[in-house]
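The structure under discussion appears below in the form of structure tokens.
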Amino acid sequence: KAGVTQTPRYLIKTRGQQVTLSCSPISGHRSVSWYQQTPGQGLQFLFEYFSETQRNKGNFPGRFSGRQFSNSRSEMNVSTLELGDSALYLCASRPTGTRSGGELFFGEGSRLTVL
Amino acid sequence: GQSLEQPSEVTAVEGAVVQINCTYQTSGFYGLSWYQQHDGGAPTFLSYNALDGLEETGRFSSFLSRSDSYGYLLLQELQMKDSASYFCAVNSGNTPLVFGKGTRLSVIA
């Protein structure tokens with residue numbers, strides 16, 4: 001069974017540009033979450049989607065947005081990039097919308113560098 | 001709000017035992033998870049404690065005390081490959097998993 005797939009793995013952008021990151025969850029998983037990881041800050045929650053609906057949103061500015069498609073694939077977009085947006089963006093999936101248990105299945109992330 | 005505290009770095013000798021502590025403050029609590037992340041890799045799930053006590057999985061064990069809002073991850077017979085970052089995370093039910101900032105474990109010979 002394929003794991004969580006994120007594309008692209010690495011990308012470099014300049015300030016003011018926008019970026020779209022993609023995540024394909026494990027087959028059959030309907031819940032997708034996005035996290036931002038920066039050195040020393042751990043994993044900061046961005047969004048959670050279930051069945052194409054955003055269920056939760058983290059404390060990030062409106063420049064960060066996301067969506068989920070009917071096949072559970074998800075994308076996140078960051079507009080008007082700032083230097084501080086440089087980070088590893090992790091996508092994680094779980095089988096259902098219930099939060100029993102604490103297991104998320106993570107992809108290897110998309111490492112964004114903003115110059 | 002929710003917050004988790006764990007040490008930023010721990011160093012231990014190969015073959016030894018190391019304990020990584022995690023204290024949390026949360027308005028609701030379902031359980032505490034532990035994840036391992038090697039440099040450049042994805043976080044991977046290690047364990048989940050919903051009830052008080054010790055859960056053992058091979059060389060790794062995890063403990064939870066709900067009354068103390070405290071848990072720990074215990075790694076025994078340390079191996080060089082255990083060098084990684086370890087994150088605790090709180091499951092509060094209706095909110096997404098909240099992660100600590102991580103503990104970087106260095107295993108030395």
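In what follows, every chain begins at residue 1, and chains take the letters A, B, ... in the order their sequences are listed.
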If hydrophobic clusters are built from ILVMFWY residues whose side chains come within less than 4.5 Å, do [X] and [Y] share one?
X	Y	result
Leu105(B)	Phe60(B)	yes
Leu11(A)	Leu46(A)	yes
Leu75(B)	Phe63(B)	no
Val10(B)	Tyr86(B)	yes

Original post:
Measuring from Gln37(B):CD to Leu88(A):CG, what's the distance to the nearest 0.5 Å?
Top reply: 7.0 Å
Subject >> Interatomic spacing from CD in Gln37(A) to OG in Ser85(B) - rounded to 0.5 Å >> reply: 7.5 Å
Original post:
So, for Gly107(A) and Ala42(B), which heavy atoms are closest and what is the spacing to 0.1 Å?
Top reply: O-CB, 3.1 Å
Which bit of [X] comes within less than 4.5 Å of chain B, counting heavy atoms only: side chain, backbone, both or neither?
X	answer
Leu104(A)	both
Leu90(A)	side chain
Gln44(A)	neither

Exceeds 12 heavy-atom contacts within 6.0 angstrom, atom [atom1] of [X]:
X	atom1	value
Glu14(B)	CD	yes
Arg104(B)	CZ	no
Asn59(A)	CG	no

Original post:
Hey, does Leu97(B) have a side-chain heavy atom less than 4.5 Å from the side chain of Glu48(A)?
Top reply: no
Original post:
Just one of Phe47(A), Trp34(A), Phe45(A) clears the side chain to side chain contact (heavy atoms under 4.5 Å, CB included) bar with Pro96(B), so which one?
Top reply: Phe45(A)
Original post:
Hey, would you say the Phe45(B) and Phe106(A) ring centroids sit under 6.0 Å apart?
Top reply: no
Original post:
Passes ring pair (Phe, Tyr, Trp, His ring centres under 6.0 Å), Tyr35(A) versus Phe99(B)? Steps please.
Top reply: CA-CA 10 Å; Tyr35(A) 287 83; Phe99(B) 287 80; 5.3 Å; yes
